[in-house]
Amino acid sequence: MTSVDLTEAGMAKAAALATERGVSLTTVVADLADYDLGTDQWDLVVSIFAHTPPPIRQRVHRALATALRPGGRLILEAYTPDQIGRGTGGPPVPELTMDLKRLEEELVGLEFEHRAEFVRPVIEGPGHTGDGAVVQVIARRPG
Ligand SMILES: C[S@@+](CC[C@H](N)C(=O)[O-])C[C@H]1O[C@@H](n2cnc3c(N)ncnc32)[C@H](O)[C@@H]1O
């Protein structure tokens with residue numbers, strides 16, 4: 001398993017949690033703006049609240065059709081524009097959020113197995129507790 005994040009602090013926390021829970025994890029501090037996702041490399045990509053500026057998000061999403069192994073999957077959850085103003089976490093501006101329409105445009109070449117937009121309780125500590133407006137996708141590279 002490989003975890004990629006822009007921050008040393010985030011990857012240090014991930015490494016500590018992995019050790020605590022007996023999980024083998026490679027951490028990579030990198031900017032997704034230029035991180036090479038490779039070709040036929042991943043069985044599963046998990047993108048949870050990965051809110052980046054649109055050009056970075058689009059670059060990563062468009063790469064998945066070749067970066068995933070054939071039959072590999074993306075599991076994604078993110079806040080939608082409806083989250084703005086709820087005060088329960090997430091990006092401060094709608095440009096950093098996602099919705100199904102955008103994801104369907106960006107995840108070119110993947111087959112959607114699950115797609116949903118709804119409000120659910122998100123309980124993730126101080127600043128991130130309460131109803132959250134989210135989009136969820138499970139999408140598979142054919143083959
Ligand atoms: C809302 S947090 C979610 C973190 C984690 N997925 C979780 O659910 O706990 C968003 C993360 O995206 C990372 N991030 C933002 N822009 C990034 C970029 N350009 N490249 C890599 N990571 C980035 C931030 O450092 C932050 O850790």
Side-chain angles (χ1 to χ4, degrees), residues 1-69 71-141:
M1 191 184 305
T2 301
S3 184
V4 181
D5 196 278
L6 195 55
T7 63
E8 296 274 356
M11 290 301 79
K13 183 174 180 182
L17 281 170
T19 301
E20 186 185 309
R21 296 175 189 183
V23 175
S24 171
L25 178 71
T26 300
T27 57
V28 178
V29 176
D31 189 339
L32 288 171
D34 53 24
Y35 178 72
D36 182 7
L37 285 150
T39 302
D40 297 345
Q41 191 157 338
W42 312 99
D43 294 311
L44 179 65
V45 169
V46 180
S47 171
I48 303 297
F49 300 124
H51 297 282
T52 66
I56 300 176
R57 186 189 72 230
Q58 289 157 6
R59 173 186 183 273
V60 171
H61 286 173
R62 290 187 178 136
L64 291 175
T66 49
L68 285 167
R69 293 204 176 105
R73 286 182 170 83
L74 164 72
I75 295 178
L76 178 149
E77 184 173 57
Y79 288 116
T80 69
D82 184 35
Q83 178 64 11
I84 304 298
R86 285 179 181 269
T88 55
V93 291
E95 291 71 29
L96 295 176
T97 64
M98 299 177 218
D99 59 28
L100 268 183
K101 183 174 176 297
R102 279 179 224 174
L103 290 171
E104 284 164 353
E105 288 166 1
E106 293 169 8
L107 296 169
V108 178
L110 302 187
E111 296 172 346
F112 283 63
E113 297 179 319
H114 167 76
R115 66 186 102 194
E117 270 182 23
F118 59 103
V119 175
R120 73 169 182 90
V122 178
I123 314 297
E124 296 198 353
H128 285 83
T129 294
D131 283 347
V134 300
V135 56
Q136 295 181 344
V137 162
I138 300 175
R140 179 178 176 276
R141 177 177 172 184

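Count residues from 1 along the sequence. Given the structure is predicted, the values throughout are model-derived calculations rather than measurements. All values below were derived from every heavy atom in this structure, side-chain atoms included, with hydrogens, water molecules and symmetry-related copies excluded. We count ligands from 1, going down the list as the structure has it; atoms in each ligand are counted the same way.
Under the 4.0 angstrom criterion for non-hydrogen atoms, Ser47 is not in contact with ligand 1.
In Glu8, the CD atom is not crowded: 12 or fewer heavy atoms of neighbouring residues, nucleotides or ligands sit closer than 6.0 Å.
Here is the list of ligand 1 atoms found below 4.0 Å of a heavy atom in Ala30: 20 (N), 21 (C).
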Tell me, with the steps shown, if Leu103 and Arg115 meet side chain to side chain contact (heavy atoms under 4.5 Å, CB included). CA-CA 10 Å; Leu103 290 171; Arg115 66 186 102 194; over 6 Å; no
Is there a side chain to side chain contact (heavy atoms under 4.5 Å, CB included) between Met1 and Val46 once you walk through the steps? CA-CA 11 Å; Met1 191 184 305; Val46 180; over 6 Å; no
Check step by step if side chain to side chain contact (heavy atoms under 4.5 Å, CB included) holds for Val122 and Arg120. CA-CA 6 Å; Val122 178; Arg120 73 169 182 90; 3.9 Å; yes
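Here the heavy atom of the protein found nearest to atom 15 (C) of ligand 1 is Thr52 CG2, 4.2 Å. Of all protein heavy atoms, the one lying nearest to atom 19 (N) of ligand 1 is Asp31 OD1, 2.8 Å. Of all protein heavy atoms, the one closest to atom 13 (C) of ligand 1 is Asp5 OD2, 3.2 Å. What sits closest to atom 10 (C) of ligand 1 on the protein, heavy atoms only, is Phe49 O, 3.4 Å. Among all non-hydrogen protein atoms, the one lying nearest atom 23 (C) of ligand 1 is Leu6 CB, 3.6 Å. Looking only at heavy atoms of the protein, atom 7 (C) of ligand 1 is closest to Ile48 O, 4.2 Å.
Under a 3.5 Å cut-off, the side chain of Arg59 and the backbone N or O of Ala33 do form a donor-acceptor pair. The backbone N or O of Ala133 sits less than 3.5 Å from a side-chain atom of Gln83, completing a donor-acceptor pair.
No hydrogens or angles considered: nothing links the side chains of Thr80 and Asp82 as a donor-acceptor pair under 3.5 Å.
Looking at ligand 1, you won't find any N or O of Glu124 less than 3.5 Å from one of its N or O atoms. For the pair Leu32 and ligand 1, the shortest N or O to N or O distance falls below 3.5 Å.
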